[in-house]
Each structure stands twice: as C-alpha cells, then as structure tokens.
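Since we're looking at a predicted model, the values are computed, not measured. Count residues from 1 along the sequence.
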Amino acid sequence: MRPNRPVTAALCAAALALTAAACGPGDGEAGGDAKPTVAAPLPSGGADGPIKIPQELKDKLKEHGFDMEKWKGGAWKNWNKQDWLREAGDYVNPIIDGLWDPDRMRDAEQPQPPAVDPDAGKDQGVTDPTPAPVTAKAAASPYHSTVPASGKVFFDGPEGSMVCSATVVKDPAHPGKSNMVWTAGHCVHAGKAGGWYRNIAFVPSYNNAGRPAAELKGAPREQVAPYGVWWSDWAQTSDQWIATGGPTGGAGAPYDFAVLHVTPEKGGNGKSLEETVGTALPVEFNAPAVPKITGMTATGYPAAAPFDGQKAFQCTDKPGRLALHQGDPVMYRIGCTMTGGSSGGGWVATGADGKPALVSNTSIGPAKAGWLAGPKLGPEAKGIYDAVSAKFKR
C-alpha cells in the first residue's frame, strides 16, 4: 500500500518514511542474509524554542545539503526533494512538541494501493489462486479494549503529511516495558528513489471511541490521541527495502517491514508504551507454513474510499501465498477490502506457543481493493527486531 499526500504540510521538519510494493518464492524460504540497517539516535526539542541540535549532527546535515539557516523554531521552511537523508546513520527525527495536533493528524492523507496486477505472481514461484474479497469489518470501540496494540503512524514526506498503521510489539530486553512498534518499511523510508521520512510519530488507539470524521474536526488532542503521541527516536528497516523498494511493481515488498523505538512527546510519566496501553504483541519469526494456518487477522486504518482513515477495521481470512520474483521470499496474501492507510498494520495469527502473535504487516494490494499481501517474517526481520531491542538495552 502506498503512502499518500496530505492536504498541507505546514511544518516539514526533521523526521521520515514512504510507499509500498510486492513479491516472493516458495513458502518457508528465507531471503538473503543482508545485515539489518541501523538508524542513528535522534535529538529532541520542546515547544519553548528552537530544537537544540548537536554540532556533529549539524555538520552531517550540512554534508547532505540541508541549509541550517532555514531551521527556525524546530521547523524546516522547505524541503528540496534532493535533500533526502538516505543512509542508515543519517536518520534524524527531533521531537517537535505539538506538531501533530488533531487537525493535522486528521488531514494527513492515506497511502493508496500501488498498481499491482490482481494476477501478479502467476506462474512465478509458489502463488495460490487470488483470494475472494473479504469485507473489512469495523473494529469495536473503544479500540483500547478490542485492539489495544494498534494505532497510526504519522510522517512527512516531500509531498506532504501521510499516515500508516502500526502495532505495539514486545521488547525482549524490557519485558512488560516495551517501547517498540512494528510497521511497514515504506512507512519510514522511501526506498530506492528516496530516503528517510520526517516527523515520524505513533499514536496508539487513535480515535479510541471510533467517532466519525466530522466529530474530530477541532477535537481536543486527548480525544484523538488518548494515550499520547510517541515520537520515533530510532527506526530500522531492511537493506533490501532501502536498495530496491518502490511505489509500484512489487520491488522490495518481501522485505517491507520496519521497527520503531519510540519515546513520549512530552516526557511522559516514566511509563513505557507497553505499560501505557496495557499490552504488546509477541512477534513470530517462524510462523507455520501457509497450509497449516487456519486464519490471519489484519488490522488497520484504511482511508481511500469508501473509508476515511479515522476508524480501525479488520479482515480475517485463511492466507494463501504470493510470489512475484524468483529468489525472493514468499508473501502471505488474504482477501480484504481495506484500502490505502492500512499499510503497516499488523497481521495476527496463532504462534508456535498457541497464543496470538504478529506474523506480518500490510504491504501491498491491487489497484482496486480485494486483497492484501504482507511479508513472511524471517531472518532479516528478526535481525532488525533484535538490533532495535539491543540498541536500547540498559
């Protein structure tokens, strides 16, 4: 699924993310052994004045063509499309207190499905028949009671403000106190043609009461973001996504996953994200083969018609396999009518221990809604997950 452009991007400050694609071979195949990409830590700032940026970071930004004179009060005055921060160590995402206000979150545009042929993958690797569409059902509200680990990721790109969906996941280094979030790679990095997105922030249980869009205009922030806004102080996606990912054609999609480490915008009360929302999902990197999975449930905030991006929806279906390019890992595919905006949302199935676990995330879909595909998580995904956990182990 491809991130969309916004209505306005008043403050395009320092943060980042992207767009999606699709593909992969036989079920159970792992992918390459490329090392995961590691992003650099981020400075933070407040609403009282300009963000304080270390001199070494200023020097790095200058090397990449950023005009520091245009930085004022924590906001970039413009963004040259050639100014992408691309390399892993270049990731910067300083906190801009209050940037994601309710109206800006509501107006951020949603990813649209890339042009994927409904018969994509035919005769390439292992691809099962195209699944029948499954009508997305509205998640019961309040979301904190039914899908407490789910939420929305907001970010800025050269074309404006965009959104994806995401899931709170467990951190092996901090049992019960995770600050880790799972989403799609195209929600943090633009892939082959670009770099890291900016102002990446996660809002758990967005619009918790499931109110219609009309009621959210001018709504207080606590109504839209009842558990706060959490900024990504670290982001990591696959080398494969960075090298080959794109908005159409399927390139990079089998590796279209990312892990964020987040921190509360206003310093918080000392509680972690997991403690704040009351839950976090384990991640299963050795999920059963497709024929052995009875069903998967995908959750997200679809926005393209007939949806408006303000409410959470779900689809449950028995998965099939989708393989577009020989040599790439197989992808899971389910019938689902969710549209752009659901990108990055978690797919949950029964793990090896018999309990619910995150086994994939929404990556792509056809031009017309009907099915979704997500990467099968293997060694590359585990490497990224473990690296983010280890980075913040104390």
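Val188 places a side-chain heavy atom less than 4.5 Å from the side chain of Ile200. When side chains are defined from C-beta on, Leu273 counts as touching Pro204, because their heavy atoms get closer than 4.5 Å.
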Please step through salt bridge (charged side-chain N to carboxylate O under 4.0 Å, His left out) for the pair Asp156 and Arg104, ending with a clear verdict. CA-CA 11 Å; Asp156 285 323; Arg104 194 164 189 264; 2.9 Å; yes
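Here Asn286 pairs with Glu284 under the side-chain contact (heavy atoms from CB on, under 4.5 Å) rule; sequence neighbours left out. For Lys382, the salt bridge (Lys or Arg N to Asp or Glu O under 4.0 Å) partners two or more places apart in sequence, or in a different chain, are Asp386. In this structure, the side-chain contact (heavy atoms from CB on, under 4.5 Å) partners of Pro131, at least two apart in sequence or on a different chain, are Asp317, Arg333, Trp371.
Centroid-to-centroid, the aromatic rings of Phe392 and His174 stay 6.0 Å apart or farther.
Heavy atoms only, all atoms of each residue included: Thr167 and Leu281 are closest at CG2-CD1, 3.7 Å. Closest non-hydrogen pair, Glu265 versus Trp231, comes out as OE1-NE1, 2.8 Å.
Donor-acceptor pairing under 3.5 Å is lacking for the side chains of Tyr385 and Gln236.
Using a 4.0 Å cut-off between charged nitrogen and carboxylate oxygen, Lys177 and Asp171 do not count as a salt-bridge pair.
Between His186 and Trp241, the two ring planes are tilted [angle within 30° to 60°]. Using a 30° and 60° split on the angle between ring planes, Phe285 and Trp182 fall in the tilted class, from 30° to 60°.
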